[in-house]
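Structure incoming, see below.
The sequence lines fix the lettering, A, B, ..., with proteins before strands; numbering per chain opens at 1. Values reported hereafter were calculated over all heavy atoms of this structure, with side chains retained and with hydrogens, waters and symmetry mates removed.
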Amino acid sequence: MYLSKYFLPVLKEAPREAEIVSHQLMLRAGMIKQQSAGIYSWLPLGLKMLRKVEQVIREEQNRAGAVEVLMPTIQSADLWRESGRYDDYGKEMLRIQDRHERDMLFGPTNEEMITDIFRSYVRSYKDLPLNLYHIQWKFRDEVRPRFGVMRGREFFMKDAYSFDLDEPSSRAAYYRMFVSYLRTFDRLGVTAVPMRADTGPIGGDLSHEFLILADTGESEVFCHGDTMKLPVPDRNIDYSDDAAIEGIFKDWTSNYARTDEMHDENLWNEVAEGDRMNARGIEVGHIFHFGTKYSEPMGAKVTGPDGKDHDVYMGSYGIGPSRVVAALIEAGHDENGIIWPDSIAPFDVGLINLRVGDEAVDTACVDLYNQLTNAGFDVLYDDTDGRAGGKFALADLIGLPWQLIIGPRGLKNGEIEVKHRATGERENLTMEATMNKLTAWQKDVNERFGG
RNA sequence: CGGAGCGUGGCGCAGCCUGGUAGCGCACCUGGUUUGGGACCAGGGGGUCGGAGGUUCGAAUCCUCUCGCUCCGACCA
């Protein structure tokens with residue numbers, strides 16, 4: 001992408017209403033624009049990140065055996081009356097009427113609708129297990145939206161729903177999602193720790209939150225240090241091996257790990273002092289096992305091997321990609337701007353032309369741009385005629401992993417400056433050496449984080 | 001929903017108390033000189049002060065109502 005042809009409206013100063021760093025940087029980097037309290041437009045750079053996060057989540061859901069659908073944002077109130085939640089949900093649910101004065105609502109979640117889909121088609125235990133998910137906008141009319149897209153009223157969410165014949169197989173489904181979340185956050189280049197969670201209004205008896213550790217996180221977390229050292233299963237994981245999956249779940253949940261809400265001082269004191277880790281985190285995922293809470297009132301049954309009808313056991317599994325984007329920034333930034341993880345940045349490389357109009361420099365830039373693009377890199381080429389300082393500031397602000405700086409000074413020696421955003425390391429390399437370095441980096445990233 | 005605060009060119013702010021029809025920095029446009037870490041000079045465009053009503057000869061400034069936004073608290077992917 002040539003910057004001159006892109007739409008990247010950056011701000012030198014953050015608007016006053018932005019309090020936390022991810023919100024400030026998302027506004028400054030031209031990623032989002034607030035349209036109303038807790039409601040945002042996603043501008044090209046922000047949308048690009050949102051899509052990348054979404055895609056990683058999708059790949060890992062698919063790998064774990066979940067099947068994607070897409071349900072509407074607007075739902076009929078009737079479904080919610082069946083589960084009893086139409087009255088329970090309160091003012092967080094945005095209620096609307098259509099022209100015929102039928103009660104509708106903007107979905108805050110989709111348990112009812114997915115249960116309706118399930119009961120419409122599935123009759124036999126032979127069709128189980130089943131896990132359906134979608135990635136769709138949700139609306140919860142929060143009393144007080146804040147922190148930009150971190151707690152918006154409208155937010156993007158991946159929500160998966162598992163259906164099983166009985167409790168044990170339903171727990172196995174829960175474990176699969178648990179493990180897929182470990183892999184998802186690992187691929188997103190962040191440390192997300194699963195914590196025992198309160199089941200909340202959705203109900204059920206088994207629930208975990210996944211928190212990305214960041215100093216600016218809202219929740220205080222208490223966990224055993226060993227949790228951080230546990231290996232995340234690689235892409236060759238076999239989700240059909242229930243025992244192995246349960247083993248991973250047990251490994252990750254055997255140590256103490258709770259947020260302040262669930263914190264238990266007595267249990268905490270049993271953890272050896274040197275192992276206690278006290279940090280802050282941002283909740284980016286939440287999984288629930290809730291059994292027949294919805295299937296029973298809504299009549300979602302299958303015939304079992306015994307020839308009798310059984311209410312299906314269900315769980316739901318959510319990740320908020322829009323919040324994840326903000327959380328990545330909370331977890332990775334410095335005074336100059338965003339530092340995206342290597343694994344997931346809006347572009348891989350920023351190519352900076354320091355002297356637009358100088359034929360040699362222009363030619364070198366375009367050559368390198370084409371080479372990189374052909375090699376599969378996503379490159380943002382700053383071909384604007386701005387000054388060096390402004391270009392460097394922009395590059396640091398949007399935080400692409402690599403900056404390739406090409407100007408007449410270095411080009412005289414056949415060299416360009418290669419800067420790594422995260423470490424600040426810079427070196428002068430030939431074009432060829434640059435390509436080799438980036439190719440090696442790309443290979444390494446693919447091996448560590450690729451699908 | 002309880003408490004606090006803010007709305008003045010695109011962004012950040014001053015002016016308001018002590019009414020006299022709007023100013024600064026950045027950004028933007030034109031020309032020139034510049035060009036490796038947010039250049040300089042000159043010229044220029046853009047707001048009628050969130051909205052409505054009122055007081056007054058006169059309102060960004062005072063009063064009333066209203067809308068929007070933010071922060072603290074209770075709640076949440």
Side-chain angles (χ1 to χ4, degrees), chain A residues 9-20 23-24 27-28 30 33-39 53 57 89-93 107-110 135-160 181 192 197-202 207-212 218-219 259 261 281-288 316-327 336-337 352-358 361 382 384-397 403 405-412 415-417 419 424 426 428:
Chain A
V10 297
L11 303 173
K12 208 170 214 172
E13 294 168 284
R16 189 180 35 177
E17 69 267 16
E19 288 283 317
I20 61 166
H23 191 195
Q24 292 170 348
L27 290 168
R28 286 193 52 209
K33 176 187 184 334
Q34 180 168 348
Q35 300 294 162
S36 183
I39 300 178
V53 169
I57 294 169
Y89 219 92
K91 292 195 168 174
E92 276 209 352
M93 181 148 76
T109 177
N110 286 63
I135 307 176
Q136 176 64 288
W137 292 94
K138 304 292 188 292
F139 194 93
R140 292 184 192 169
D141 200 358
E142 299 272 349
V143 187
R144 191 175 152 219
R146 60 186 127 167
F147 304 146
V149 298
M150 191 82 85
R151 165 140 329 137
R153 291 193 291 172
E154 188 182 54
F155 61 99
F156 207 35
M157 185 160 88
K158 185 286 297 182
D159 39 325
Y181 275 33
D198 195 0
T199 51
I202 289 186
S207 178
H208 288 86
E209 291 179 359
F210 287 75
L211 288 100
I212 289 181
E218 281 187 86
S219 312
T259 63
E261 287 171 349
I282 301 163
E283 185 190 345
V284 286
H286 202 157
I287 60 180
F288 303 87
S316 76
Y317 315 90
I319 297 181
S322 48
R323 176 179 281 187
V324 167
V325 172
N336 295 320
I352 299 175
N353 183 332
L354 286 182
R355 190 73 60 87
V356 170
D358 178 303
V361 178
D382 188 344
T384 63
D385 64 356
R387 302 174 63 81
K391 293 190 173 201
F392 295 142
L394 173 70
D396 284 347
L397 175 63
Q403 293 169 23
I405 300 158
I406 305 190
R409 189 189 291 172
L411 207 55
K412 253 185 293 186
E415 287 179 334
I416 61 183
E417 184 181 325
K419 178 180 163 185
R426 51 183 81 194
N428 293 317

From B:rC1, B:rG36, B:rC76, nucleotide with atom closest to A:Val143 side chain: B:rC1
So which protein nitrogen or oxygen atoms get under 3.5 Å of nucleotides 28-33 of chain B's nitrogens or oxygens?
none

Nearest atoms (heavy-atom pairs only) where A:Gly152 meets A:Glu142: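 Taking A:Gly152 first and A:Glu142 second, the nearest heavy atoms are O-CG, 4.1 Å.
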Interatomic distance, A:Gln34 CD vs B:rG7 P [rounded to whole Å]: 17 Å
Under the ring pair (Phe, Tyr, Trp, His ring centres under 6.0 Å) test, residues paired with A:Phe147 that sit two or more places apart: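 Per chain and number, A:Phe147 pairs via ring pair (Phe, Tyr, Trp, His ring centres under 6.0 Å) with no residue.
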Sugar-phosphate only, base, or nothing, as touched by A:Val284 at under 4.0 Å among non-hydrogen atoms: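 It contacts sugar-phosphate atoms only.
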Stacked pair A:Phe155-B:rA77, distance under 5.5 Å, angle under 30°: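 It does: the two rings, one from A:Phe155 and one from B:rA77, meet the stacking criterion.
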Distance, P atom - from B:rU18 to B:rA22, rounded to whole angstrom: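 Comparing P positions in B:rA22 and B:rU18 gives a spacing of 22 Å.
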A:Ala388 side-chain proximity, nearest of B:rG36, B:rC76, B:rC71: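 Of B:rG36, B:rC76, B:rC71, B:rG36 is nearest to the side chain of A:Ala388.
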Partner nucleotide of B:rG31 by Watson-Crick or wobble geometry (both distances under 3.5 Å): B:rC41
Sugar-phosphate only, base, or nothing, as touched by A:Ala37 at under 4.0 Å among non-hydrogen atoms: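 Contact class for A:Ala37: sugar-phosphate only.
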Pairs flagged by side-chain hydrogen bond (donor to acceptor under 3.5 Å, both in side chains) wherever residues 317-327 of chain A is involved - sequence neighbours left out: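 Sorted pair list: A:Ser162-A:Tyr317.
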Distance in angstrom units between A:Leu27 CG and B:rC69 C1', rounded: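 Result: 13 Å.
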Rounded interatomic separation in angstrom, taking CZ from A:Arg387 and P from B:rU35: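 For the pair A:Arg387 CZ and B:rU35 P, the rounded distance is 8 Å.
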Which residue lies more 5' along RNA chain B, comparing A:Glu261 with A:Ser36 via nearest heavy atoms: A:Ser36
A:Lys91 NZ - B:rG2 C1' separation (whole Å):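 Spelled out: NZ on A:Lys91 to C1' on B:rG2 is 14 Å.
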Sequence-aligned protein contact record of nucleotides 11-16 of chain B, with B where the base is within under 4.0 Å of a protein heavy atom and S where only the sugar-phosphate is: BSS---
Sugar-phosphate, base or nothing in reach of A:Gly389, heavy atoms under 4.0 Å: sugar-phosphate
Identified pairing partner of B:rC24, criterion: Watson-Crick or G-U wobble below 3.5 Å: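 Pairing partner, where one exists within any strand: B:rG12.
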Length of the NZ-C1' vector between A:Lys391 and B:rU34, whole Å: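 Distance check: A:Lys391 NZ to B:rU34 C1' gives 15 Å.
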A:Ile319 CD1 to B:rC76 C1', straight-line distance once rounded to whole Å: 17 Å
Touch class at under 4.0 angstrom, heavy-atom based, for A:Ile405 against every strand present: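 A:Ile405: base contact, heavy atoms under 4.0 Å.
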CA sep, side-chain torsions, deciding dist, call: A:Asp159, A:Gln136, side-chain hydrogen bond (donor to acceptor under 3.5 Å, both in side chains): CA-CA 8 Å; A:Asp159 39 325; A:Gln136 176 64 288; over 6 Å; no
Complementary nucleotide of B:rC62, counting Watson-Crick and G-U pairs under 3.5 Å: B:rG54
Nucleotide nearest A:Glu19 (side chain, heavy atoms from C-beta), chosen from B:rG36, B:rA77, B:rC71: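 So the side chain of A:Glu19 is nearest to B:rC71.
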Shortest non-hydrogen separation from A:Pro145 to A:Gly38 and the atoms involved: CB-CA, 3.7 Å
B:rA74: pairing nucleotide in any strand, Watson-Crick or G-U under 3.5 angstrom: none
Matching residue for A:Lys138 among A:Met157, A:Arg153, A:Glu154 - test: side chain to side chain contact (heavy atoms under 4.5 Å, CB included):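 For A:Lys138, the side chain to side chain contact (heavy atoms under 4.5 Å, CB included) test succeeds with only one of A:Met157, A:Arg153, A:Glu154, which is A:Met157.
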C1'-based separation of B:rG53 from B:rA59 [nearest Å]: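 The same atom, C1', in both gives a distance of 13 Å.
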Side chain of A:Glu92 (C-beta onward), nearest among B:rC75, B:rG36, B:rG38: B:rC75
Strand partner of B:rG5, provided both Watson-Crick or wobble distances fall under 3.5 Å: B:rC69
Touch class at under 4.0 angstrom, heavy-atom based, for A:Pro408 against every strand present: base
B:rC6 to B:rA60 separation - C1' atoms, rounded to the nearest Å: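 Taking atom C1' in both B:rC6 and B:rA60, they lie 15 Å apart.
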Atom-to-atom span, CD of A:Glu283 to P of B:rA77 - whole angstrom: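 Spelled out: CD on A:Glu283 to P on B:rA77 is 5 Å.
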Sugar-phosphate, base or nothing in reach of A:Arg153, heavy atoms under 4.0 Å: nothing
Touch class at under 4.0 angstrom, heavy-atom based, for A:Asp396 against every strand present: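 Since a base atom lies under 4.0 Å of A:Asp396, the category is base.
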C1' gap between B:rA27 and B:rG20, integer Å: 32 Å
RNA chain B: 5'-proximal contact among A:Lys419 and A:Glu154 (nearest heavy atom):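 Mapping each residue to its closest nucleotide by heavy atoms, the 5'-most match is A:Lys419.
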From B:rC69, B:rU35, B:rG36, nucleotide with atom closest to A:Arg355 side chain: B:rU35
Residue pair A:Gly407 / A:Val361: nearest heavy atoms and the distance that separates them: C-CG2, 4.0 Å
Nearest-neighbour nucleotide for the A:Arg323 side chain, B:rG38, B:rU70, B:rC76 considered: B:rC76
Value in whole Å for how far the P atom of B:rA74 lies from CD of A:Glu218: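 From A:Glu218 CD to B:rA74 P: 12 Å.
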Which residues share a ring pair (Phe, Tyr, Trp, His ring centres under 6.0 Å) with A:Phe139, sequence neighbours left out: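 Scan of A:Phe139 (ring pair (Phe, Tyr, Trp, His ring centres under 6.0 Å), adjacent residues dropped) gives A:Phe106.
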Quiz item: A:Arg140 side-chain donor-acceptor pair to B:rC76 base, under 3.5 Å: no
Ring pair (Phe, Tyr, Trp, His ring centres under 6.0 Å) involving A:Tyr181 - partner list, sequence neighbours excluded: A:Phe210
Sugar-phosphate, base or nothing in reach of A:Gly152, heavy atoms under 4.0 Å: base
Touch class at under 4.0 angstrom, heavy-atom based, for A:Gly386 against every strand present: nothing
B:rG19 to B:rG9 separation - C1' atoms, rounded to the nearest Å: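 The answer is 23 Å between these two C1' atoms.
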Identified pairing partner of B:rU48, criterion: Watson-Crick or G-U wobble below 3.5 Å: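 Here B:rU48 is not engaged in any pair, so there is no nucleotide opposite it.
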